[in-house]
There are 2 protein chains.
Amino acid sequence: MTITEVSKKYDISQDTLRYYERIGLIPAVNRTKGGMRDYTEESCGWIELAKCMRSAGIPIEALIEYCALAQQGDRTITARKELLVEERTKLLEKMEDMKKTLDKLNYKIDIYEKAEVSGVLSWEKPNA
Amino acid sequence: MTITEVSKKYDISQDTLRYYERIGLIPAVNRTKGGMRDYTEESCGWIELAKCMRSAGIPIEALIEYCALAQQGDRTITARKELLVEERTKLLEKMEDMKKTLDKLNYKIDIYEKAEVSGVLSWEKPNA
DNA sequence: TCTTGACTTGGAGTGCACTCCATATGTTAA
DNA sequence: TTAACATATGGAGTGCACTCCAAGTCAAGA
């Protein structure tokens, strides 16, 4: 697959795809004789993984380390697992923060909806 | 309350507190005759709100707009509600992405735990 | 073969959200 | 009053994650 095809398939810019490869967030991609990238199934798997992890805010740094470990074979299984467990912990914390914010947003939206009827919010705190 | 007290209470740096005020993410804080900040209950309410929203990744830009609207009184009730609804929608989308990533992490961690017993991961995709 | 468009690289630039710094002024205990 | 420390301001610097650009190379159709 060409970079254009992969870019469209995963909705990631070509610049970002090259960037991810350059920094080692995904392993080096196969090339044609001419030097053009030729993405394999496996490359695509890495890109899909990168996209998923990044969409949840997993830091680039952690993904680079994971990729480096993965390329060192089965002896890094424990290290990789620990890395993932650590990121999962952070992710769960972030999700809790978001849940709290969501509750607050729901509460405030509810108050605003009631205020739209009366036209005033004065019985509430100014920043409610 | 002094900036030091507020900083400790909410675990936000003094620099960040001043920054938030400067950019209008919170309304101007009261001052003593000497020009030092003297945070009121209301200021603290804004700071708490800012902290909560920022912890969930709500962009600074949206919070500045919300703060500006709030200072214009009851006629901005609908605008404020719409702003909050929009941010809630984005937040829910982000939470869904995170849920997907969490599922993937759980799946992979499970695979790694099984691989730790056997010592090999070869029956799985390299990036699993 | 030639032209057009896609692709390459290294490096510079961008946007966001802080974070740090220099210099000046306010506050408080001795 | 004076030393020591807290706080003020405006502006520069940082870290992260892209994003853009220039200059050159490769590939495919007329």
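Letters go in sequence order (proteins before strands), and every chain restarts at 1.
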Q14(B) CD - dC5(D) C1' separation (whole Å) = 12 Å
For the pair K90(A) and E93(A), evaluate salt bridge (Lys or Arg N to Asp or Glu O under 4.0 Å) and give the outcome as yes or no after the intermediate values.
-> CA-CA 5 Å; K90(A) 288 188 213 155; E93(A) 275 163 21; over 6 Å; no
Side-chain donor or acceptor of E21(A) paired with backbone N/O of V29(A) under 3.5 Å | yes
Starting at the 5' end of DNA chain C and moving along, which residue's nearest nucleotide shows up first, G34(B) or R37(A)?
-> R37(A)
Between dT9(D) and R31(B), is there an OP1 or OP2 to side-chain N/O distance shorter than 4.0 Å?
-> yes
Which part of the nucleic acid does R18(A) contact within heavy-atom distance under 4.0 Å: base, sugar-phosphate only, or nothing?
-> base
DNA chain C: 5'-most and 3'-most nucleotides touching chain A, 4.0 angstrom heavy-atom criterion = dA6(C) to dG11(C)
Donor-acceptor under 3.5 Å (K51(B) side chain, I12(B) main chain) = no
Judged by atom type as modelled, is there a donor-acceptor pair below 3.5 Å linking the side chain of D38(B) to the main-chain atoms of M1(B)?
-> yes
Assign each of E61(B) and T32(B) to its nearest nucleotide of DNA chain C by heavy atoms, then name whichever residue's nucleotide is nearer the 5' end.
-> E61(B)
Residue met sooner reading DNA chain D from 5', once K33(A) and M36(B) are mapped to nucleotides | M36(B)
Got more than 12 heavy atoms from elsewhere within 6.0 Å of CD, E61(B)?
-> no
When you check the side-chain N and O atoms of S7(B) and T4(B), is any donor under 3.5 Å from an acceptor?
-> no
By nearest nucleotide on DNA chain D, pick out whichever of E5(B) and G57(A) is the more 5' one.
-> E5(B)
Spell out, as yes or no, whether a donor-acceptor pair under 3.5 Å connects the side chain of T76(B) to the backbone of R80(B).
-> no
Return yes when atom CD of E41(A) has more than 12 non-hydrogen atoms of other residues, nucleotides or ligands closer than 6.0 Å, and no otherwise.
-> no
Please produce a list of atom pairs where a protein N or O lies less than 3.5 Å from an N or O of nucleotides 28-30 of chain D.
none

Contact class for R22(B) vs. all strands (heavy atom < 4.0 Å): base, sugar-phosphate, or nothing?
-> base
For L102(A), side-chain contact (heavy atoms from CB on, under 4.5 Å) partners two or more places apart | N106(A), R88(B), L91(B), L92(B), M95(B)
